[in-house]
Amino acid sequence: RAMENVLERFQFYTPALNGQVSHRLQMASHLRHAVRKKEMLLHYQPQVSLQSGKIVGVEALLRWQHPEKGMISPMEFIPLAEETGLIVPIGEWVLRTACEQAQRWHDLGVHGLTMAVNLSAKQFAQKNLAAMVRQALDDSGFSSHCLELELTESASMESPEKSIEVMKLLKAMGVRLSIDDFGTGYSNLNYLKRFPVDQLKIDRSFVRDVGTDADDLAIARAVIALARSLHLEVLAEGVEDLVQYEIMKENGCDKVQGYYFSTPLAVDECTRLLLARSTFS
Ligand code: C2E
Ligand code: MG
Ligand code: MG
Ligand code: MG
């Protein structure tokens with residue numbers, strides 16, 4: 001046992017780990033300048049109404065075009081951006097860029113499209129969040145009613161009473177609120193009932209095997225029923241095939257997002273898709 005402990009601690013100082021640490025430090029210092037150097041960009045993934053079959057929204061998804069490493073996934077750098085606090089300025093850039101783009105699409109005749117933007121826990125805890133959102137809306141001219149902010153359960157539950165206050169401020173501005181990755185955090189239904197949110201997004205881990213796994217199907221149905229009874233809309237994320245699409249439709253899900261319809265698209269590609277289907281109400 002003692003020997004095992006020694007070995008465990010010894011393992012802690014392997015060159016591989018040192019390499020990992022310096023890799024992270026290096027990445028953090030690059031990340032610091034990434035926005036200024038215009039290495040950040042947004043891709044947009046369509047969200048489709050199951051009732052009309054039309055695109056009713058898009059989610060803005062952050063990409064980092066690193067000069068040497070190529071395209072880096074947010075899964076890799078968002079945690080680092082959170083730890084270093086860089087997520088605050090980066091997140092503000094995301095919101096501003098997404099609102100400007102959505103307004104550009106509006107000017108091209110794509111009306112009523114919802115722009116969904118992810119907010120991290122750190123951003124959500126910022127005192128001036130509502131003011132920052134207000135500024136991004138005012139500067140872009142984008143309608144607050146078409147902006148949707150995505151929060152995770154864990155971000156909202158960190159200090160739920162405070163969250164309710166911030167959510168109320170955002171709701172008062174007309175912004176839509178959506179709970180992302182629903183079912184993966186710990187859900188306190190007492191709070192969920194009190195959160196002034198508009199939508200739940202069923203996490204894709206429950207959607208993946210919904211056609212073959214009875215438990216996942218039961219969970220998806222339960223989330224849809226929960227949303228219904230709380231008068232919330234519900235979107236299934238990660239819908240990759242017709243089977244998943246049909247199941248969500250049959251069970252009364254409102255919207256889907258996923259590779260079955262489209263992967264996240266570069267801005268020009270998304271513009272083409274939106275204009276080709278620009279029959280919005
Ligand atoms: P998310 O908000 O849950 O976004 C959905 C993720 O699922 C995206 O990954 C998207 O590309 C992926 N996805 C969509 N449809 C499918 C599908 O059919 N199959 C599979 N396998 N995947 C699908 P992505 O773009 O890599 O983003 C990962 C996560 O990074 C996001 O998860 C979100 O939590 C975070 N993120 C992305 N952009 C931002 C941002 O601007 N700010 C913050 N704070 N977080 C962001
Ligand atoms: Mg999201
Ligand atoms: Mg999600
Ligand atoms: Mg997810």
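Order of listing sets the numbers, starting from 1, for every ligand and every atom in it. For reference, positions follow the sequence shown, starting with 1. Computation of the quantities below employed the complete heavy-atom set of this structure, encompassing side-chain atoms and omitting hydrogens, waters and symmetry-equivalent molecules.
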Could you tell me which atoms of ligand 1, counted from 1 in the order shown, lie closer than 4.0 angstrom to a heavy atom of [X]?
X: P264; answer: 11 (O)
X: Q45; answer: 14 (C), 15 (N)
X: R63; answer: 11 (O), 24 (P), 25 (O)
X: G258; answer: 15 (N), 18 (O)
X: M75; answer: 28 (C), 29 (C)
X: V94; answer: 41 (O)
X: E240; answer: 17 (C), 18 (O), 19 (N), 20 (C), 21 (N)

Got a salt bridge between [X] and [Y], using NZ or NE/NH1/NH2 to carboxylate O under 4.0 Å?
X: E148; Y: K201; answer: no
X: E100; Y: R96; answer: no
X: K69; Y: E76; answer: no
X: E161; Y: R194; answer: yes

For this session: List for me each residue that meets side chain to side chain donor-acceptor pair (under 3.5 Å) alongside S52, sequence neighbours excluded, and say none if there are none.
Result: S49
Exercise. What protein N/O/S atoms are found closer than 2.8 Å to the Mg ion (ligand 2)?
Worked result: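 Listed by chain and number, the atoms are E59 OE2, N118 OD1, E150 OE1, D180 OD2.
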For this session: List for me each residue that meets side-chain contact (heavy atoms from CB on, under 4.5 Å) alongside H231, sequence neighbours excluded, and say none if there are none.
Result: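 Partners of H231 by the side-chain contact (heavy atoms from CB on, under 4.5 Å) criterion come out as none, since no residue qualifies.
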For this session: Using distance alone, with no hydrogens and no angle criterion, decide if Q45 and E59 have a side-chain donor and acceptor under 3.5 Å apart.
Result: no
For this session: Answer yes or no for Q257: is there a heavy-atom contact with ligand 1 below 4.0 Å?
Result: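 Distance cut 4.0 Å: Q257 fails for ligand 1.
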Exercise. Does G238 reach ligand 1, in the sense of a heavy atom lying below 4.0 Å from it?
Worked result: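 Contact present.
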Exercise. Taking atom CD of Q51 as the centre, does the number of heavy atoms from other residues, nucleotides or ligands within less than 6.0 Å exceed 12?
Worked result: no
Problem set entry | Shortest reach to atom 27 (O) of ligand 1 by a heavy atom, considering only A236, P74, A98, A155 |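 The nearest heavy atom belongs to P74.
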For this session: Name the option, out of F261, Y259, Y260, that contains the heavy atom nearest to atom 13 (N) of ligand 1.
Result: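 Answer by nearest heavy atom: Y259.
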Exercise. Purely on distance, is any nitrogen or oxygen of D181 under 3.5 Å from one on ligand 1?
Worked result: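 By distance alone, the answer is yes.
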Exercise. Any N/O of I78 closer than 3.5 Å to an N/O of ligand 1?
Worked result: no
Exercise. So, the side chain of N251 versus the backbone of C253: is there a donor-acceptor pair under 3.5 Å, distance only?
Worked result: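 Not at all, since once roles are kept as given, no pair shorter than 3.5 Å links the two residues.
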For this session: Measure R204 to ligand 1 on non-hydrogen atoms and call it side chain, backbone, both or neither using the 4.0 Å cut-off.
Result: side chain
Exercise. Counting only heavy atoms, which portion of D180 has something under 4.0 Å from ligand 1: side chain, backbone, both, or neither?
Worked result: side chain
Exercise. Ring pair (Phe, Tyr, Trp, His ring centres under 6.0 Å): which pairs involve residues 70-99, sequence neighbours left out?
Worked result: W64-F77
Problem set entry | Beyond-backbone contact of V110 with I55, side-chain heavy atoms, under 4.5 angstrom | no
For this session: Of all the heavy-atom pairs spanning V239 and Y245, show the shortest one and how long it is.
Result: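 So the two residues come closest at CG1-N, 3.8 Å.
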Exercise. Looking at L169, D198, L137, which one forms a side-chain contact (heavy atoms from CB on, under 4.5 Å) with V175?
Worked result: L137
